[in-house]
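For reference, the structure discussed in these notes is given below.
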Amino acid sequence: MNLSSELRIRTPEGIGFSYPLAGPITRCMAWAIDRVVIVVLLVVAANAVVKLAWILPDVAGAFMALAYFAIDTFYAILLEWFWRGQTLGKRLLRLRVTDAYGFRLQFHQVLLRNLIRPIDSIPFFYMVGGLACLFSRRAQRLGDLAAGTIVVHLARHREPDLEQLLAGKFNSLREHPHLAARLRQRVSAEEARIGLQAVLRREELDAGARVTLFSELAGHYKSLVAFPAEVVEGLPDEQYVRNVVDILFRTRAVKSERKAEAAV
């Protein structure tokens, strides 16, 4: 049994990323938190039909059965999709579901891993899923194996000094705030961090790999949001990526600067 303690991803340009895998105990704690949330939601639903139970007990019973199925089934599916791989329990414990090979998490993966959850939970307390995690190389339960997903632990990273790195440099993309806001909406957290790591570690790359990396990153960001041609023409790929990173990570700092200027 070859167990791994982290997910390692290496790009063709030599940029490496690693994330510690979440173990069964931490995942069980996140599951317990989510079960408490589900119970609270069911109690709220029961209180909503308590008066109906006196008049139409059969209808009230059918409503509660439907509510239990909907909440128990779609709670994790909806949150993991809209919160990019996190439920409330996972968010509190800094866990995230991600693609097993580092690609962007797809909806069918979220759906499949949660539809197989009842099998992982048999006979009780996720015994099948827990055993699968213990014997899986990447701590995957059956739902993860079927969907090609893993659960990673988001360690707290010391943020780089972006003010020193990016402040004072003209960013032509900020002249179009509506497009900058759209960019922040469309770039995933992982795509943003890859851009940040590329800017921070650019001096570690040889010239050829550096040009290729920033060309691919710039092309990807441009495919998400199209800025006016007069803004991007003549702008080197590396500078374009730096401008994107500036928009993604220095939003709060710029807002604070504007408030300070307005107060003067």
Side-chain angles (χ1 to χ4, degrees), residues 4-22 84-86 91 94-106 138 148-174 179-227 231-257:
S4 175
S5 61
E6 62 181 8
L7 169 67
R8 296 181 179 179
I9 303 172
R10 180 168 292 276
T11 69
E13 293 78 20
I15 302 296
F17 303 92
S18 63
Y19 300 92
L21 298 178
R84 297 176 179 176
Q86 289 185 306
R91 176 166 287 197
R94 300 185 62 79
L95 305 182
R96 186 186 297 277
V97 179
T98 184
D99 181 86
Y101 297 98
F103 298 111
R104 186 164 189 163
L105 190 66
Q106 302 295 318
R138 291 184 169 182
T149 57
I150 60 173
V151 180
V152 298
H153 184 269
L154 302 176
R156 296 183 182 274
H157 297 288
R158 184 173 178 267
E159 293 296 334
D161 187 356
L162 297 180
E163 292 303 313
Q164 182 178 1
L165 178 68
L166 300 172
K169 296 178 175 63
F170 176 70
N171 186 346
S172 58
L173 304 187
R174 286 196 177 275
L179 294 178
R182 189 179 303 170
L183 184 68
R184 286 190 291 271
Q185 291 176 346
R186 295 184 177 180
V187 175
S188 70
E190 185 57 33
E191 291 168 338
R193 186 160 293 278
I194 290 176
L196 175 61
Q197 289 297 320
V199 172
L200 292 174
R201 302 172 60 178
R202 63 192 185 281
E203 301 297 340
E204 301 176 16
L205 302 172
D206 60 57
R210 181 169 174 172
V211 170
T212 301
L213 174 61
F214 281 101
S215 175
E216 292 182 358
L217 285 175
H220 176 69
Y221 293 141
K222 289 177 182 177
S223 69
L224 298 178
V225 176
F227 284 84
V231 175
V232 298
E233 283 182 357
L235 191 65
D237 290 332
E238 184 169 331
Q239 185 59 48
Y240 186 89
V241 173
R242 288 171 65 92
N243 289 351
V244 169
V245 170
D246 175 57
I247 289 175
L248 296 177
F249 287 91
R250 293 189 65 244
T251 305
R252 293 180 182 178
V254 171
K255 287 182 178 179
S256 299
E257 291 172 3

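- For the pair Gln86 (side chain) and Leu95 (backbone), a donor-acceptor distance under 3.5 Å is present.
- Annotation: side chain to side chain contact (heavy atoms under 4.5 Å, CB included) contacts of Ala100 (sequence neighbours excluded): Arg138, Gln140, Ile150.
- Glu191 meets the salt bridge (charged side-chain N to carboxylate O under 4.0 Å, His left out) test with Arg104; sequence neighbours excluded.
- Residues Leu217 and Gly195 approach most closely at CD1-CA, 4.4 Å, considering heavy atoms.
- Going from atom NE2 of His153 over to atom CZ of Arg96 covers 12.0 Å, rounded to the nearest 0.5 Å.
- With a 4.5 Å cut-off on side-chain heavy atoms, His220 and Val244 do not count as touching.
- Side-chain atoms of Ile247 and Arg184, non-hydrogen and from C-beta on, do get closer than 4.5 Å to each other.
- A donor-acceptor distance shorter than 3.5 angstrom exists from the side chain of Asn171 to the backbone of Asn243, with no hydrogens or angles considered.
- Considering only residues two or more places apart in sequence or on other chains, Val232 meets the side chain to side chain contact (heavy atoms under 4.5 Å, CB included) condition with Phe227, Tyr240.
- Leu224 CG to Gln185 CD: the interatomic distance, rounded to the nearest 0.5 Å, is 12.0 Å.
- Remark: the backbone N or O of Leu154 is paired with a side-chain donor or acceptor of Arg94 at under 3.5 angstrom.
- Looking only at distances, no side-chain donor or acceptor of Ser215 sits under 3.5 Å from a matching main-chain atom of Val211.
- Looking at every heavy atom in both residues, Ala218 comes nearest to Val241 through N-CG2, 3.7 Å.
- Ala192 and Val187 make their closest contact through N-CG1, 3.6 Å (heavy atoms, listed as atom of the first residue, atom of the second, distance).
- Without hydrogens or angle criteria, Arg193 side chain to Glu190 main chain gives no donor-acceptor distance under 3.5 Å.
- Annotation: the span from Lys222 atom NZ to Leu235 atom CG amounts to 7.0 Å, rounded to 0.5 Å.
- Residues Val231 and Leu173 meet the side-chain proximity criterion, which asks for heavy atoms closer than 4.5 Å.
- Here the closest non-hydrogen pair linking Glu238 and Phe214 is CA-CD2, 3.7 Å.
- Using a 4.5 Å heavy-atom threshold, the side chains of Leu183 and Leu179 count as separate.
- With rounding to the nearest 0.5 angstrom, the CG atom of Leu196 is 11.0 Å from the CZ atom of Arg242.
- Of all heavy-atom pairs between Leu213 and Ala198, the closest is CD2-CB, 3.8 Å.
- Remark: the backbone N or O of Ala180 is not paired with any side-chain donor or acceptor of Arg174 at under 3.5 angstrom.
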